[in-house]
Colleague: 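Have a look at this one before I ask anything.
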Number of protein chains: 2
Amino acid sequence: MVHDSPMSARPATVPGSQPPALEPGAESVGPRLRRLREAAGISLSELARRANVGKATLSGLENGTRNPTLDTLWSVTAALGVPITALLAGGQTGVVRGTAVEATLLQVFDDEAVTYELYRMVVPPGAVQSSPAHHAGVTEHITVFSGVLRAGPADDPRTAHPGEHLSWQSDVPHVYEAVGDQPVHASLLIRYPRR
Amino acid sequence: MVHDSPMSARPATVPGSQPPALEPGAESVGPRLRRLREAAGISLSELARRANVGKATLSGLENGTRNPTLDTLWSVTAALGVPITALLAGGQTGVVRGTAVEATLLQVFDDEAVTYELYRMVVPPGAVQSSPAHHAGVTEHITVFSGVLRAGPADDPRTAHPGEHLSWQSDVPHVYEAVGDQPVHASLLIRYPRR
DNA sequence: AGCGACCGTTCCGTTTGCGGAACGGCAACG
DNA sequence: CGTTGCCGTTCCGCAAACGGAACGGTCGCT
């Protein structure tokens, strides 16, 4: 079930989400494609030829007047020799904001009986983030990049310095807090055993 | 930051690249979407409702009988709260293959004085991967997803079960090995303090 | 100048992805 | 039982993305 995101706030997938025209990240696809093509030093016509797509398609894609098909994206990025994520990454990662932390969803792993969500987390100094209990069996794993983090179960938090690791069962309320006046950068891995 | 990707080489952009039907990675989008949706614990109809797409679209998408529009992909992944790359990634990231392990570079973090490389690692059973010493100060952090891993300094490896964590100083030769006959899936975080 | 090659855009008929409305299947109720 | 509710699939008219063929513009060359 909707494994609650770490900060309990869902990424605002507003129920009545009505994309008015184009998605936020979509409009950047055109410019990005154009830059990639020009970096490869080939013309629009040439790329269209190599990718086996129409020049009209490519033109419209670069100018943002078309809503390309996945096939088209595969063809174009393959012909450019870049991963398809080069056009799509970064724009719309799931960002979760709590009162004190900001976490960006980087990857989701689905293994046989477990789902892992990997976040990149920043905890600014001067505030404490409390997070309610998750479902039973959920564990969190943090590796600190920089700063000093105090985190864990609300009644028994622990401290980690850069390069160190923390993990705990998150079926109880837990907290995150930056120690000192430096923000904490860390990776957060949440493990959800599939019920 | 411009962390040069480890494999900056162009993937050969075959001149006569003629994609016959569907691209190699495209066929995996359907199953991946289905698993993400089921991991979120919601029905097809429910996801269609939240994403403002037709059930027909979603059904066809999961079964691989449609060639979705970028708009559709944005809507669906946004409603799931995952980055769009969760459906598309994996095709062309930097893959590092050793004699026994295969690691996919997911992210590079450059913080003030440290660089982190985050890998997704698979260790097949029946072989031992030896890795030479890195520079001083380099540490490795592993979280096991599935399988049982035995890894660490060559003279003192330790064992980790699913959900458990290992870390060690990797300035000495170290090893990775799957215990039992199941492959090990894990995340590997390597920390390089900037000299 | 004229000519040819190529550029990127626009027009247009065909193809196809799109959402809405059915459909059958299944489980939970009265 | 019949009814209700939701599931996932299939049918279908419509909007739109598609490739091919024009188009005007800008270079080199004769």
Colleague: In this structure, how many angstroms lie between the P atom of C:dC11 and the CG atom of A:N63, rounded?
Modeller: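 After rounding, the gap between these two atoms is 14 Å.
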Colleague: When you measure from the side chain of A:S59 to the backbone of A:K55, do you find a donor-acceptor pair of N or O atoms at a distance under 3.5 Å?
Modeller: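 No, the answer is negative, given that no donor and acceptor are paired below the 3.5 Å cut-off.
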Colleague: Look at the aromatic rings of B:H165 and A:H165 and report parallel, tilted or perpendicular, splitting at 30° and 60°.
Modeller: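 The rings of B:H165 and A:H165 lie parallel, inter-plane angle below 30°.
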Colleague: Got B:R37 and B:E62 here, is their nearest side-chain heavy-atom distance under 4.5 Å?
Modeller: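 When only atoms from C-beta onward are counted, B:E62 and B:R37 do touch, with a gap below 4.5 Å.
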Colleague: Does the side chain of A:S45 get closer than 4.0 angstrom to OP1 or OP2 of C:dC7 through an N or O atom?
Modeller: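 Yes, within the criterion.
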Colleague: Mind calculating the distance between NZ (A:K55) and P (C:dC7) to the nearest angstrom?
Modeller: 7 Å
Colleague: Given A:Y176, which of A:E140, A:Q129, A:R150 fulfils the side-chain hydrogen bond (donor to acceptor under 3.5 Å, both in side chains) condition?
Modeller: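 Of A:E140, A:Q129, A:R150, side-chain hydrogen bond (donor to acceptor under 3.5 Å, both in side chains) with A:Y176 is met by A:E140 alone.
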Colleague: Of all nucleotides in DNA chain D that come within under 4.0 Å of a heavy atom of chain B, which is furthest toward the 5' end and which toward the 3' end?
Modeller: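 Using the under 4.0 Å cut-off, the span is D:dC7 to D:dC11.
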Colleague: Just how far, in rounded Å, is P of C:dG17 from CG of B:L70?
Modeller: 15 Å
Colleague: Mapping B:L58 and A:G54 to their closest nucleotides on DNA chain D, which lands nearer the 5' end?
Modeller: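 Nearest nucleotide further toward 5': that of B:L58.
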Colleague: When the distance from CG of B:L61 to P of C:dG17 is rounded to whole Å, what number comes out?
Modeller: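 Computing the B:L61:CG to C:dG17:P distance gives 10 Å.
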Colleague: Among A:V179, A:I142, A:T143, find the residue that satisfies the side chain to side chain contact (heavy atoms under 4.5 Å, CB included) test when tested with A:L149.
Modeller: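 Looking at A:V179, A:I142, A:T143, the match for A:L149 under the side chain to side chain contact (heavy atoms under 4.5 Å, CB included) is A:I142.
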Colleague: In plain terms, say whether B:E38 and B:R35 are close enough for a salt bridge, that is, a side-chain N and a carboxylate O under 4.0 Å apart.
Modeller: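 Result for this pair is no, no salt bridge flagged.
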Colleague: Could you state the atom-to-atom distance from CG of B:N67 to P of C:dG17 in whole Å?
Modeller: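 Nearest whole value for this atom pair: 5 Å.
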Colleague: Using only side-chain N and O atoms of B:T57, determine if any of them is under 4.0 Å from OP1 or OP2 of C:dG17.
Modeller: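 No, B:T57 has no side-chain N/O under 4.0 Å of OP1/OP2 on C:dG17.
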Colleague: For the residue pair A:L61 and A:N63, establish whether any side-chain heavy-atom pair is separated by less than 4.5 Å.
Modeller: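 No, their side chains stay 4.5 Å or more apart.
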Colleague: With nearest nucleotide decided by heavy atoms, which residue, B:E62 or A:T69, maps closer to the 5′ end of DNA chain D?
Modeller: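 Closer to the 5' end of DNA chain D: B:E62.
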Colleague: Nearest-Å distance, CZ (A:R49) to C1' (C:dG8)?
Modeller: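 My rounded result for the distance is 12 Å.
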Colleague: Hey, does the side chain of B:R66 come within less than 4.0 Å of C:dG19's phosphate (OP1/OP2), counting only N and O?
Modeller: no
